[in-house]
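Chain identifiers are assigned alphabetically (A, B, ...) following the order of the sequence lines, protein sequences preceding nucleic acid strands; residue numbering begins at 1 within each chain.
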Amino acid sequence: MAIRVYNTLTRQKEELKSDGERIGIYVCGVTPYSETHLGHARPSVVWDVIKKYLRYRGYQTYHVQNFTDIDDKIINRSQETGIDALELAAHYAQDYLESMDALGVERADIYPKVSEHIPEIIAMIETLVERGHAYAVSGNVFYDVTSFPEYGKLSNQKLDQLQAGTRFEVDPDKKHPMDFALWKKAKPDEPAWDSPWGRGRPGWHIECSAMSNKYLGPEFEFHGGGCDLIFPHHENEIAQSEAATGRPLAKYWLHNGMLNLKHEKMSKSQGNFITVKDVAAKYPKELIRFYILSSHYRSELEYHDQKLEEVGRGWQRFNDCVNGLAKLIDEPQGEIGKLSGDEAVLLDAVRTAEAKFIEAMNDDFNTAMAIGVLFELLHQVNSYIAKGNNSLEANYVLHEAYQLFSKLAGDILGIIRPDEVQISGLTQPLMELLLELRTELRSQKQYQLADYIRDELAKLNIVIEDTPNGPRWKIRS
RNA sequence: GGCGGCAUAGCCAAGUGGUAAGGCAGAGCUCUGCAAAAGCUCCAUUCCCCAGUUCGAAUCUGGGUGCCGCCUCCA
């Protein structure tokens, strides 16, 4: 079954078709001038999952994500703080990478920076000037929006309907108020580079056209980013790239919804944001991902302080089951014949769950539904375990269930937090020894001592549970 | 003024023509030395409002209402 994605450009779901074996992905990154906040985490986590899912489905991916390290905001901040603009940008770019690491987001294949691609940018502007899509006026170069008849096709805007200049002054050198800068003439004390039009720096938008072209070619599959970038940023990218190359830029434009704080968009300039590092210091990264992925990527998502606590209870139950499975099962061995009864039913449930997971993800990466599917399997696994089977066949099907959870919830969604202490080879046998001792004490009704063991372990964040199938332990996360 | 999106139980959240997934919270029960976990059962005749299309609509159309985003930097 094919993957279908909602394409902002056509405003409908389309089947994913790829000419090559590699899927090119360009996701608009950040302008690094202050701390990375939770709003930035959303596209990052979403694209992390999309990439991992695509690979699971047999595609190869190549992911490019830019840092716009030359920009008005950075320059302003630099002048306020006295820190060199590029140094400041490098610092916050590093903050971004560290924040994404803290969320378990796999790195992009490359993170190109504007400051390292000035020649490519100048070359593209020259092409646009040559082709009559741009004009230079006293050190500035503007894009001529009237030269591109399709201008507005992504955001569904008509040039004469846009309200240019209502909240900022239109440069009198512009031929049309919606024309935008490709190259900005340098003001004193600003980072600047030599160009055919004099010293200056790139305008916003052109860097993405130049860098996507360099690393992914004129046409590629996915272009992503927040829905707040549709206009003007992505609209202008299309105008630039397509006018320069004569070819359609990206096949599929995917835009994620905003993450809100107190019903308003989390944003740096508004000051209403919460940093990724603050949240990651308080909550497991797998839980933060679970929260982000529990709604569809195009929906708005509300954040408040209680949110992760609420969501965390379901997440904990999910993790308990998967980590419990890890301790319960052994490597399957011996011949497993045709299964029957409960084992056959559970194995069928495992297979069905994988098919339904794929169906959900194929439908515009519906992670919310995919998680629902996993919870249904969780329920069936827990029911089965509650019956207390421990045959060779039972071990086999539970192992299959565990493998599936590891692959889908662990590898792809990244919402499983493994009990790390287990990694130590000594821990498991020691815990078993301790639990055996405690079981013996309980059978002799020495409850005080048995409870002492449980209480003391609790202080070490190790939880003991006496189930009908015997005692069980886990790490409290 | 223009463009786009959203409105589903106490809360979160799927569901684009066939009769409401899943999670949290809540109630009862089972298991149990206690605790915890888990299991079982229950929990929206109904999807913001009104009108229409249809044998049939949460899903399509028209009109309201409310909220959010974009048209300025923004993931």
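Base pairing of B:A38 is made with B:U30, judged by Watson-Crick or G-U wobble geometry with both donor-acceptor distances under 3.5 Å. The base-pairing partner of B:C11, taking Watson-Crick or G-U wobble contacts with both distances under 3.5 Å, is B:G23. The partner of B:G4 is B:C68, judged by Watson-Crick or G-U wobble contacts that both fall below 3.5 Å. Under the Watson-Crick or G-U wobble criterion, with both distances below 3.5 Å, B:A75 is left unpaired in every strand shown. Nucleotide B:U45 forms no Watson-Crick or G-U wobble pair with any nucleotide shown, as no partner meets the under 3.5 Å limit on both distances. B:U16 is unpaired under the criterion used here, namely a Watson-Crick or G-U wobble arrangement in which both key atom distances are under 3.5 Å. Nucleotide B:G62 has B:C50 as its partner under the Watson-Crick or G-U criteria, with both atom distances under 3.5 Å.
For A:S383 and B:C40, the shortest distance from a side-chain N or O to OP1 or OP2 is below 4.0 Å. Contact annotation: A:N156 reaches the phosphate of B:G4 (side-chain N/O to OP1 or OP2, under 4.0 Å). OP1 or OP2 of B:C40 has at least one side-chain nitrogen or oxygen of A:H379 nearer than 4.0 Å. Considering only side-chain N and O atoms, A:R313 lies under 4.0 angstrom from the phosphate OP1 or OP2 of B:A25. Proximity of A:R317 to the phosphate of B:A38: a side-chain N or O atom is located under 4.0 Å from OP1 or OP2. Note on A:N366: every side-chain N or O is 4.0 Å or more away from OP1 and OP2 of B:A14. Contact check, A:R442 against B:U32: no side-chain N or O comes under 4.0 Å of OP1 or OP2. Applying the 4.0 Å criterion to OP1 and OP2 of B:A7, one finds that A:S299 has every side-chain N and O outside that range.
When the C1' atom of B:A13 is taken as reference, atom CD1 of A:I371 falls 10 Å away, rounded to whole Å. Atom-to-atom, CZ of A:F318 to C1' of B:A38 comes out at 16 Å; the value is rounded to the nearest Å. The CH2 atom of A:W253 sits 14 Å away from the C1' atom of B:A75 (whole-angstrom rounding). Between the NZ atom of A:K387 and the P atom of B:U30 there is a distance of 20 Å, given to the nearest Å. Atom CZ in A:F375 sits about 15 Å away from atom P in B:A14, given to the nearest Å. Here the C1' atom of nucleotide B:A14 and the OH atom of A:Y297 are 15 Å apart, to the nearest Å. Rounded to an integer number of Å, the gap from A:N236 CG to B:U72 P is 10 Å. As rounded to whole Å, 11 Å separates atom P of B:C3 from atom CG of A:D160.
Distances from the side chain of A:E310 to the nucleotides B:A75, B:C11, B:G5 place B:C11 closest. Listed candidates were B:C24, B:A14, B:G69. Nearest to the side chain of A:E264 is B:G69. In this structure, of B:A13, B:G5, B:G69, it is B:A13 that holds the atom nearest to the side chain of A:A368. Of the candidate nucleotides B:G69, B:C31, B:A14, B:C31 has the atom nearest to the side chain of A:P468. Closest to the side chain of A:K13, from the set B:A14, B:A38, B:U16, is B:U16. Of the candidate nucleotides B:A75, B:A14, B:C73, B:A75 has the atom lying nearest to any side-chain atom of A:L229. Each of B:A21, B:A75, B:C70 was ranked by its minimum atom distance to the side chain of A:T31; first place goes to B:A75. Between B:G2, B:A75, B:A14, one nucleotide has an atom nearer to the side chain of A:M369 than all others, and that is B:A14. The listed nucleotides are B:G2, B:G33, B:A37; the one nearest the side chain of A:R438 is B:G33.
At the heavy-atom level, A:G39 lies under 4.0 Å from base atoms of the strands shown. When heavy atoms are screened at a 4.0 angstrom cut-off, A:L259 is found touching base atoms of the nucleic acid. Heavy atoms of A:H263 sit under 4.0 angstrom from primed sugar atoms or phosphate atoms, though from no base atom. Among the heavy atoms of the strands lying under 4.0 Å from A:Q157 is at least one base atom, whether or not backbone atoms are also near. Counting non-hydrogen atoms under 4.0 angstrom, A:L374 reaches nothing in the nucleic acid. In this structure, A:G224 reaches neither bases nor backbone, as no heavy-atom distance under 4.0 Å exists between it and the strands shown.
In this structure, CH2 on A:W315 lies 8.5 Å from CD1 on A:I416, to the nearest 0.5 angstrom. Note that CG of A:D278 is 10.0 Å distant from CG of A:L38, once rounded to the nearest 0.5 Å. With rounding to the nearest 0.5 angstrom, the CE atom of A:M369 is 14.0 Å from the OG atom of A:S294. Once rounded to the nearest 0.5 Å, the distance linking CG of A:L435 with CZ of A:R454 reads 11.5 Å.
For B:C34, the base has a donor-acceptor partner in the side chain of A:D466 [N/O atoms by modelled type, under 3.5 angstrom]. One donor-acceptor pair, N or O on each side, does fall under 3.5 Å between the base of B:G33 and the side chain of A:D451. Contact annotation: side chain of A:R454 to base of B:C34, donor-acceptor pair present below 3.5 Å. Looking at A:R11, its side chain has no donor and acceptor atom pair within 3.5 Å of the base of B:G4.
Between A:Y96 and A:E35, the closest side-chain pair of non-hydrogen atoms is not below 4.5 Å. A:D84 has its side chain out of reach of A:S78: every pair of non-hydrogen atoms, C-beta onward, lies at least 4.5 Å apart.
Using atom C1' as the reference point in both B:G39 and B:C31, the two lie 9 Å apart (nearest Å). On the P atoms, B:G28 is 16 Å away from B:C43, given to the nearest whole Å. Rounded to whole Å, the C1' atom of B:U8 lies 7 Å from the corresponding atom of B:A58. Between B:C42 and B:A75, the distance separating the two P atoms is 48 Å to the nearest Å. Nucleotides B:G22 and B:A57 place their C1' atoms 23 Å apart, quoted to the nearest Å. Rounded to the nearest Å, the gap between the P atom of B:C3 and that of B:G64 is 14 Å. Comparing B:A36 with B:U41, their P atoms sit 23 Å apart, to the nearest whole Å. When the C1' atom is used for both B:G23 and B:U65, the distance is 30 Å, rounded to whole Å.
A:K307 has no carboxylate O lying under 4.0 Å from a charged side-chain N of A:E302, or vice versa, which leaves the two without a salt bridge.
Both A:K307 and A:H37 lie near RNA chain B, and the one whose nearest nucleotide falls closer to the 5' end is A:K307. Between A:A450 and A:D72, it is A:A450 whose nearest contact on RNA chain B lies nearer the 5' terminus.
Relative to the six-membered ring of A:Y6, A:R298 meets both conditions, a distance below 6.0 Å and an angle of at most 45° to the axis.
Neither side chain, A:Q380 nor A:E376, offers a donor N or O lying under 3.5 Å from an acceptor on the other.
For A:Y447 and B:G33, the ring-to-base geometry satisfies the stacking test (centroid distance below 5.5 Å, interplanar angle below 30°).
Taking the six-membered ring wherever Trp is involved, the centroid distance between the rings of A:Y215 and A:Y26 does not fall below 6.0 Å.
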